[in-house]
Trainee: 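I am attaching a structure below and will ask some questions about it afterwards.
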Amino acid sequence: MEKLFKIYVYKEGDPPMFHDGPCKSIYSSEGRFIHELERGKSFTTTDPDEALVYFLPFSVVMLVQYLYVPGSHEIDAIGNTVVDYINVIADKYPFWNRSLGADHFIVSCHDWGPRTSSYVPHLFNNSIRVLCNANTSEGFNPKKDASFPEIHLRTGEITGLVGGPSPSRRSILAFFAGRLHGHIRRLLLEQWKDKDQDVQVHDQLRNGMSYDSMLKNNRFCLCPSGYEVASPRIVEAIYAECVPVLISDGYVPPFSDVLNWKAFSIQVQVKDIPKIKDILMGISQRQYLRMQRRVKQVQRHFVLNGLPKRFDEFHMTIHSIWLRRLNIRFHD
């Protein structure tokens, strides 16, 4: 891949809705990925005939910021902008029409990424969509789409995020803190909020409690979906060396092509939320230590670096795109 894979980034479109993205928000992974491709230091080519895939550099986050009317529940302006953009690309270059979009990709961490892509049927059905909202019930297709880690950079800084105490110093079984956001969290809060000292579930932390410290003081970190399946808590747990507990319906975890998520996380079905304590207590100390060690081993695959390094989040995402490009065959 490192020798052969070349990406062409279309130059059309003006910032901030194109060629730009947030690097200090819950959508940071999208912004940093766009930024890295725009720098042109890794995997990119200026010759479109040399490319194996073509990046459509619009940001759904920025489109929402500039085109969405709050409270309108109407995203036609966003979708139509994507339609117009792809029409420009298709008229100017031969590549989109040649493959009907199959060797093109987008990156989106916004919840509306899947919905926005549906305005162009070939984009939705053919193109590689790299999405944080990797929800099979909303049309995410693991054979052609790639799941993207949602990483919340609160300050924009990428250093000092990784690490935690040894397992022997983690005194609490499981933890979650987050506002009511979708039916899964409602079920979790109804079942566990203020009910058990071993399974500490909060809608908001009390004064004096540190979210980061709580993550690092727990053996297992609960990662329920909100209104959409993606949650930055999964990466936060991995950074804190806390075994993530994924509670979702239809979610495809990032990098599942090469990472065995069952080896370093627990996946709990929504119907089993009342059984969370029993499930986690049923994990032996030996099994927990093995899983926690594996969390530390996979940690580097979710790390953002100022200059990308082999096997980090940027390279893993590129690898996911590469694998899906290998599935595409063209016929004369």
Trainee: Would you please say whether a donor-acceptor pair under 3.5 Å links the side chains of Asp49 and Tyr8?
Mentor: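 No.
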Trainee: Counting N and O atoms only, with roles assigned by atom type, does the side chain of His19 sit under 3.5 Å from a partner on the main chain of Lys11, one being a donor and the other an acceptor?
Mentor: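 Checking the backbone N and O of Lys11 against the side chain of His19, a donor-acceptor pair under 3.5 Å is found.
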Trainee: Between Arg32 and Glu313, is the closest basic N to carboxylate O distance under 4.0 Å?
Mentor: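 Not counted as a salt bridge, because no side-chain N and carboxylate O are separated by less than 4.0 Å.
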Trainee: Given the rule in the ring-ring contact (aromatic ring centres under 6.0 Å, His included) test, do Phe43 and His315 qualify, once you have shown the distances and angles that lead to the verdict?
Mentor: CA-CA 10 Å; Phe43 298 102; His315 279 79; 5.6 Å; yes
Trainee: Answer with yes or no whether the hydrophobic clustering places Met316 together with Ile234; edges join I, L, V, M, F, W, Y residues whose side-chain heavy atoms lie under 4.5 Å apart.
Mentor: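 Met316 and Ile234: one cluster.
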Trainee: Passes salt bridge (Lys or Arg N to Asp or Glu O under 4.0 Å), Glu236 versus Arg233? Steps please.
Mentor: CA-CA 5 Å; Glu236 289 171 347; Arg233 286 168 176 79; 5.2 Å; no
Trainee: Quick one: pull up CG in Asp91 and CG in Asn97 and give me the separation to the nearest 0.5 Å.
Mentor: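 If we round to the nearest 0.5 Å, Asp91:CG and Asn97:CG are 8.0 Å apart.
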Trainee: Roughly how far, to the nearest 0.5 Å, is CD1 of Ile7 from CZ of Arg325?
Mentor: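 Those atoms lie 11.5 Å apart.
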Trainee: Distance to the ring centre below 6.0 angstrom and angle to the axis at most 45 degrees; does that hold for Arg219 and Tyr288?
Mentor: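 That pair qualifies as a cation-pi contact.
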Trainee: Applying salt bridge (Lys or Arg N to Asp or Glu O under 4.0 Å) to Asp47 and Lys6, what does each step give before you reach the verdict?
Mentor: CA-CA 9 Å; Asp47 180 0; Lys6 296 296 182 182; over 6 Å; no
Trainee: Knowing that exactly one of Phe58, Trp96, Tyr93, Phe95 qualifies, which makes a ring pair (Phe, Tyr, Trp, His ring centres under 6.0 Å) with His104?
Mentor: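 Going through the options one by one, the only one that passes is Trp96.
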Trainee: Phe175 vs His202 aromatic rings, parallel, tilted or perpendicular, using cut-offs 30° and 60°?
Mentor: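 Answer is tilted, since the angle falls between 30° and 60°.
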Trainee: Relative to each other, are the rings of Trp261 and Phe302 parallel, tilted or perpendicular (30° and 60° limits)?
Mentor: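 If you compare the ring of Trp261 with that of Phe302, the planes turn out perpendicular.
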Trainee: Looking only at side chains, do Asp20 and Ser59 share a donor and an acceptor under 3.5 Å apart?
Mentor: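 There is no such pair (donor and acceptor under 3.5 Å, judged by atom type) between the side chains of Asp20 and Ser59.
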Trainee: What I'd like to find out is whether the side chain of Leu173 reaches to under 4.5 Å of the side chain of Asp196, using heavy atoms alone.
Mentor: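 Side chain of Leu173 against side chain of Asp196, heavy atoms only: no contact under 4.5 Å found.
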Trainee: Apply salt bridge (Lys or Arg N to Asp or Glu O under 4.0 Å) to residues Lys275 and Asp272 and explain how you reach the verdict.
Mentor: CA-CA 5 Å; Lys275 303 177 184 176; Asp272 290 330; 3.6 Å; yes
Trainee: Hey, mind stepping through Phe18 and Tyr10 against ring-ring contact (aromatic ring centres under 6.0 Å, His included) and telling me if it holds?
Mentor: CA-CA 10 Å; Phe18 301 86; Tyr10 286 113; over 10 Å; no
Trainee: Do Tyr85 and Pro57 have side chains that approach each other closer than 4.5 Å (heavy atoms only, starting at C-beta)?
Mentor: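 Yes, side chains in contact.
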Trainee: Parallel, tilted or perpendicular: which one describes the rings of Trp322 and Phe5, with boundaries at 30° and 60°?
Mentor: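 Ring orientation of Trp322 relative to Phe5: perpendicular.
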Trainee: Using every non-hydrogen atom in the two residues, find where Ser231 and Arg185 come nearest and quote the distance to one decimal.
Mentor: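 For Ser231 versus Arg185, the nearest heavy atoms are OG-NH2, 4.4 Å.
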Trainee: Which pair of heavy atoms, one from Leu189 and one from Asp203, lies closest together, and at what distance?
Mentor: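 It is CD2-N, 3.8 Å.
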Trainee: Say you draw a straight line from CD of Glu36 to CZ of Phe314; how long is it, rounded to the nearest 0.5 Å?
Mentor: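 Reported value, rounded in 0.5 Å steps: 5.0 Å.
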